[in-house]
J.: 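Provided herewith is a single structure, encoded as structure tokens, for subsequent inquiry.
Note that the structure is predicted; figures quoted are calculated from it, not measured. Chain letters run A, B, ... following the sequence lines, proteins first, then strands; residues in each count from 1.
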2 protein chains.
Amino acid sequence: MVRQHTSRGPAPHGHVTLAQVAQRAGVSAQSVSNALNNPDRLAPETRKRILAAVEELGYEPNLSARALRNRSSSLIAFKMRPSRPDKASLLMDDFLYVLNAAAVEAGYHLILCHAEDGPAGEIKAYRDLLKKTSIDAFVLAETHHNDDRVAALRSWGVPFASFGRSWDGDDSLAWVDVDGRAGTRAATDHVAAQGHTRIGHIGWLAESELGQDRREGWLDACRERDLETDLQAAVVDSLEAGCQAAHRMLDASRPATALVCASDTLALGVMRALHERGLRPGVDVAITGYDDSPTAALVSPGLTTLRQPIDEVGRQLIQAIDNLMAGDPRQPQHVLLEPELVVRGSSLPGPRTHTS
Amino acid sequence: MVRQHTSRGPAPHGHVTLAQVAQRAGVSAQSVSNALNNPDRLAPETRKRILAAVEELGYEPNLSARALRNRSSSLIAFKMRPSRPDKASLLMDDFLYVLNAAAVEAGYHLILCHAEDGPAGEIKAYRDLLKKTSIDAFVLAETHHNDDRVAALRSWGVPFASFGRSWDGDDSLAWVDVDGRAGTRAATDHVAAQGHTRIGHIGWLAESELGQDRREGWLDACRERDLETDLQAAVVDSLEAGCQAAHRMLDASRPATALVCASDTLALGVMRALHERGLRPGVDVAITGYDDSPTAALVSPGLTTLRQPIDEVGRQLIQAIDNLMAGDPRQPQHVLLEPELVVRGSSLPGPRTHTS
DNA sequence: GGGGTTGTTTTTAACGTTAATATCAGCCGG
DNA sequence: CCGGCTGATATTAACGTTAAAAACAACCCC
């Protein structure tokens with residue numbers, strides 16, 4: 001016989017609470033909590049009854065209450081950067097999407113963080129967010145040598161994982177990265193296989209560990225084939241810079257016939273240079289970029305480039321964080337993924353009718 | 001004389017609470033709360049003392065506790081879509097950045113929402129999120145005629161604002177949008193001013209209200225000048241489709257000399273078509289796109305296009321939400337912003353040395 | 001000087017959850 | 001049949017905040 005307590009009835013705003021489920025199942029609130037969080041503390045029979053009530057009422061635990069009680073919000077924070085206008089898309093869009101998908105899959109939610117430019121502003125923003133919200137973990141992007149953010153987060157004891165390895169060989173950092181060296185080597189191998197022997201490289205300034213890494217891949221491939229490595233440029237990542245560097249390498253006494261670039265932006269600069277000289281990408285000079293930005297597929301001919309396995313990066317980052325949170329005593333994860341060479345018309349001498 | 005209570009001292013994990021500030025200032029916790037939330041209920045002198053203590057201890061209110069107590073989390077949710085590979089960047093990247101910046105500015109935080117594809121999945125995701133987290137408001141993107149999401153959110157009584165107007169003339173919806181009609185008219189005016197009289201339009205299928213709106217702008221401009229409007233295509237938003245439509249319009253008995261497109265993706269398809277025919281963009285046929293995607297600035301020649309004032313959109317959306325939350329009894333905001341015509345080489349007959 | 005008004009501050013209770021502790025029933029061994 | 005043990009469930013208290021109510025002081029008016 002069902003007792004019709006003078007209870008408040010179904011919550012007015014559609015919010016079902018533990019207490020309501022408890023009443024329905026004829027147990028205490030704590031038992032409901034246990035049914036969900038500590039199943040083995042309950043008699044199987046009771047548990048089944050409780051879960052039925054949970055299902056029936058559509059109960060979902062209130063995260064604010066949980067966060068308050070547990071000091072853990074199941075929120076993962078990530079800071080976006082403003083996108084720079086002259087650059088090919090930095091895949092932030094995709095990255096955020098897959099990162100969030102993976103986070104939700106694992107029972108977290110992604111919260112965006114905003115900061116004034118500069119590392120100090122970013123650290124302050126992290127600290128403020130932590131004070132206010134008991135964020136569970138952070139995801140960093142583009143870590144560099146001696147990164148202040150890493151030091152700060154570590155000193156606070158907050159779990160975090162980074163997209164981009166620790167360039168100072170710090171093993172205690174959890175990171176996921178893409179092997180730029182292997183990628184650039186693959187691109188260089190590819191153009192060498194087309195018969196090119198004067199292969200230049202247009203990369204970033206020496207300060208950039210990422211750029212340095214990619215350059216190494218080109219060097220690897222060249223040395224392996226005893227090709228000269230005199231054609232190299234270290235410039236800022238802009239269309240203009242790529243264009244100018246390309247002109248220089250085509251003006252050389254023994255000019256480049258292939259140009260391997262550290263980014264799609266630079267590669268598009270090279271394309272512009274060819275355009276200005278009346279040369280045809282692919283046919284006259286082979287070009288490769290890096291990132292597989294949307295632009296790479298849209299230009300004519302298509303730009304050969306390296307696609308980063310961005311969805312795998314997102315999954316692995318969340319996995320790494322999950323391990324950290326579970327207090328997994330094993331070494332923090334280091335995951336190095338291989339980019340995929342996407343061959344399009346810009347590196348092929350063949351007919352250009354079907355360039356995608 | 002300061003009483004040395006047997007208090008727990010400074011919080012162990014660096015979290016400062018109301019109670020600690022209260023003790024420091026020699027008042028009750030509630031007074032500290034009031035100092036921050038209801039300043040006029042306190043004696044100015046007391047308030048000053050409390051704020052000093054807040055400052056000194058670096059107190060920040062705990063949002064989880066607030067959310068629990070107030071049923072309001074200062075969180076705004078937004079659902080990302082997976083980006084489609086063949087499209088020029090949809091400015092999601094920028095949009096998210098500015099939306100979050102504006103949200104933080106106004107004291108909110110942006111939380112990302114994930115859903116299985118399709119409207120049903122999206123609505124379910126919203127409902128789940130609401131149950132769990134007392135989200136304050138939602139931001140929708142790409143609303144369409146008879147949008148189920150709008151109906152759902154409204155039926156739950158949750159504040160929300162939409163990037164994209166309500167196409168069914170629903171005045172009770174708060175929205176911010178960009179005037180595609182005016183933008184396309186400006187682009188058409190621009191090519192007409194270069195002397196073109198055979199101006200074609202490549203737009204989206206009739207289902208798309210957005211596409212319809214942009215097409216109207218082209219019609220407006222043509223009619224105003226008594227130009228023929230026979231050259232029009234309604235296709236899917238892909239490079240291929242743009243390319244094919246361009247070929248058709250260039251094969252016409254009196255071929256197009258200018259093509260106004262509903263997207264950069266379509267315009268890039270047109271560029272490919274010209275390329276295949278040995279025609280020069282700008283010199284032989286003028287092209288305009290829409291969106292000012294990164295690609296538009298990177299191709300040679302640069303693509304004339306319309307830049308959406310995305311940062312203003314973000315600010316206005318947050319503003320609209322803020323008004324809704326404040327219970328502002330005035331009509332929900334409708335904001336229609338003008339896109340800006342960005343002229344590059346693709347629509348200019350002039351010399352192509354400096355195409356950006 | 002009782003009763004009211006105003007202005008300031010404190011007390012109480014509650015938001016929904018869960019760790020820690022308490023309670024209770026059943027069982028075992030002596 | 002008592003003390004101790006085990007397993008299942010219930011009770012208590014706390015996380016940090018704030019609305020509502022209560023308390024208190026100062027002042028004013030007839």
Side-chain angles (χ1 to χ4, degrees), chain A residues 7-8 10-50 53-54 57-74 130-134 136, chain B residues 3 5 7-8 10-50 53-54 57-74 130-134 136:
Chain A
S7 85
R8 314 223 183 83
H13 298 336
H15 276 169
V16 183
T17 72
L18 265 189
Q20 291 172 30
V21 178
Q23 199 202 2
R24 172 69 131 238
V27 295
S28 74
Q30 182 63 48
S31 291
V32 180
S33 172
N34 284 337
L36 297 170
N37 304 324
N38 305 83
D40 40 342
R41 287 192 199 161
L42 253 65
E45 164 56 31
T46 319
R47 173 149 195 266
K48 228 176 78 188
R49 189 157 36 96
I50 293 177
V54 165
L57 298 180
Y59 167 76
E60 295 273 354
N62 179 312
L63 292 186
S64 301
R66 245 190 201 170
L68 180 58
R69 174 67 229 212
N70 293 346
R71 297 164 177 288
S72 149
S73 58
S74 68
L130 268 177
K131 274 193 182 178
K132 291 199 281 204
T133 58
S134 58
D136 278 355
Chain B
R3 253 195 296 174
H5 269 293
S7 87
R8 314 225 183 81
H13 297 337
H15 276 169
V16 182
T17 73
L18 263 190
Q20 291 171 29
V21 178
Q23 201 203 358
R24 172 69 131 237
V27 295
S28 73
Q30 182 62 47
S31 290
V32 180
S33 172
N34 284 336
L36 297 171
N37 303 325
N38 306 82
D40 40 342
R41 286 193 200 160
L42 252 65
E45 164 55 30
T46 319
R47 173 148 195 265
K48 228 176 80 187
R49 187 155 40 96
I50 294 176
V54 165
L57 298 179
Y59 168 75
E60 295 273 352
N62 180 315
L63 292 187
S64 301
R66 245 191 202 170
L68 179 58
R69 174 67 231 218
N70 292 347
R71 295 162 179 291
S72 149
S73 59
S74 67
L130 268 177
K131 273 191 181 179
K132 290 200 281 204
T133 59
S134 58
D136 278 356

J.: Can you check the Arg49(B) CZ to dT8(C) P distance for me, whole Å?
T.: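 Those two atoms, CZ and P, are 14 Å apart.
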J.: For a quick test of reading the model: is some side-chain N or O of Arg71(A) closer than 4.0 Å to OP1 or OP2 of dT18(C)?
T.: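 It does not, given that no N or O in the side chain of Arg71(A) lies less than 4.0 Å from OP1 or OP2 of dT18(C).
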J.: Tell me which of Asn70(B) and Gln30(B) sits closer to the 5' end of DNA chain C, going by the nucleotide each one is nearest to.
T.: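 Its nucleotide being nearer the 5' end, the pick is Gln30(B).
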J.: Grab the CG-P distance between Leu63(B) and dC15(C) for me, whole Å please.
T.: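 In whole Å, dC15(C) P lies 21 Å from Leu63(B) CG.
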J.: Would you say the side chain of Ser74(B) lies within less than 4.5 Å of the side chain of Asp136(B), judging by non-hydrogen atoms?
T.: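 With C-beta onward as the side chain, the pair touches.
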J.: Quick one: His15(A) NE2 to dG16(C) P, roughly how many Å, whole number?
T.: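 Distance, rounded to whole Å: 9 Å.
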J.: Using only side-chain N and O atoms of Ser31(A), determine if any of them is under 4.0 Å from OP1 or OP2 of dA10(D).
T.: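 So the side chain of Ser31(A) is within the cut-off, an N or O lying under 4.0 Å from OP1 or OP2 of dA10(D).
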J.: Quick check on dT9(D): is either OP1 or OP2 less than 4.0 Å from any side-chain nitrogen or oxygen of Arg41(A)?
T.: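 The answer is no; no side-chain N or O of Arg41(A) sits under 4.0 Å from OP1 or OP2.
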J.: Please report, rounded to the nearest Å, how far the P atom of dG16(D) is from the NZ atom of Lys131(A).
T.: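 Nearest whole value for this atom pair: 15 Å.
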J.: Calculate the interatomic distance between Lys132(B) atom NZ and dC15(C) atom P; express it in whole Å.
T.: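 Going from Lys132(B) (NZ) to dC15(C) (P), I get 22 Å.
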J.: Hey, what do you get for CG (Leu18(A)) to CD (Gln30(A)), rounding to the nearest 0.5 Å?
T.: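 If I round to the nearest 0.5 Å, the distance is 8.5 Å.
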J.: Quick one: pull up OG in Ser64(B) and CZ in Arg71(A) and give me the separation to the nearest 0.5 Å.
T.: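 If we round to the nearest 0.5 Å, Ser64(B):OG and Arg71(A):CZ are 10.5 Å apart.
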J.: Tell me, do Arg66(B) and Asn37(B) make a side-chain contact under 4.5 Å, heavy atoms counted?
T.: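 Side chain of Arg66(B) against side chain of Asn37(B), heavy atoms only: contact under 4.5 Å found.
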J.: If you pin Leu68(B) and Asn38(B) to their nearest nucleotides in DNA chain D, which one's is more 5'?
T.: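 Nearest nucleotide further toward 5': that of Leu68(B).
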J.: If you take atom types as modelled and just measure distance, does the side chain of Arg69(A) reach the base of dA14(D) with a donor-acceptor pair under 3.5 Å?
T.: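 Answer yes: a donor N or O sits under 3.5 Å from an acceptor.
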J.: Side-chain N or O of Asn34(B) versus OP1/OP2 of dT9(C): is the shortest distance under 4.0 Å?
T.: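 For Asn34(B), the contact criterion (side-chain N or O under 4.0 Å from OP1 or OP2 of dT9(C)) is not met.
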J.: Could you check how far CG of Leu18(B) sits from P of dA14(C), rounded to whole Å?
T.: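 It works out to 20 Å between those atoms.
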J.: From CD of Gln20(A) over to C1' of dT17(C), roughly how many Å is that when rounded to an integer?
T.: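 Between C1' of dT17(C) and CD of Gln20(A): 14 Å.
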J.: For the atom pair OG (Ser73(B)) and NZ (Lys132(B)), what is the distance rounded to the nearest 0.5 Å?
T.: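 That separation rounds to 13.5 Å.
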J.: Tell me the interatomic distance from Gln23(B), atom CD, to dG16(D), atom C1', rounded to whole angstroms.
T.: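 One finds 16 Å between C1' of dG16(D) and CD of Gln23(B), rounded.
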J.: Which residue, Ala43(B) or Ala65(B), contacts DNA chain C at a nucleotide closer to its 5' end, judged by nearest heavy atom?
T.: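 Looking at DNA chain C, the more 5' nearest nucleotide goes with Ala43(B).
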J.: Would you classify Thr46(B) as touching base, sugar-phosphate or nothing, given that sugar-phosphate means primed atoms plus P, OP1 and OP2, and contacts are heavy atoms under 4.0 Å?
T.: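 If one applies the 4.0 Å heavy-atom cut-off, Thr46(B) turns out to touch the sugar-phosphate alone, with no base involved.
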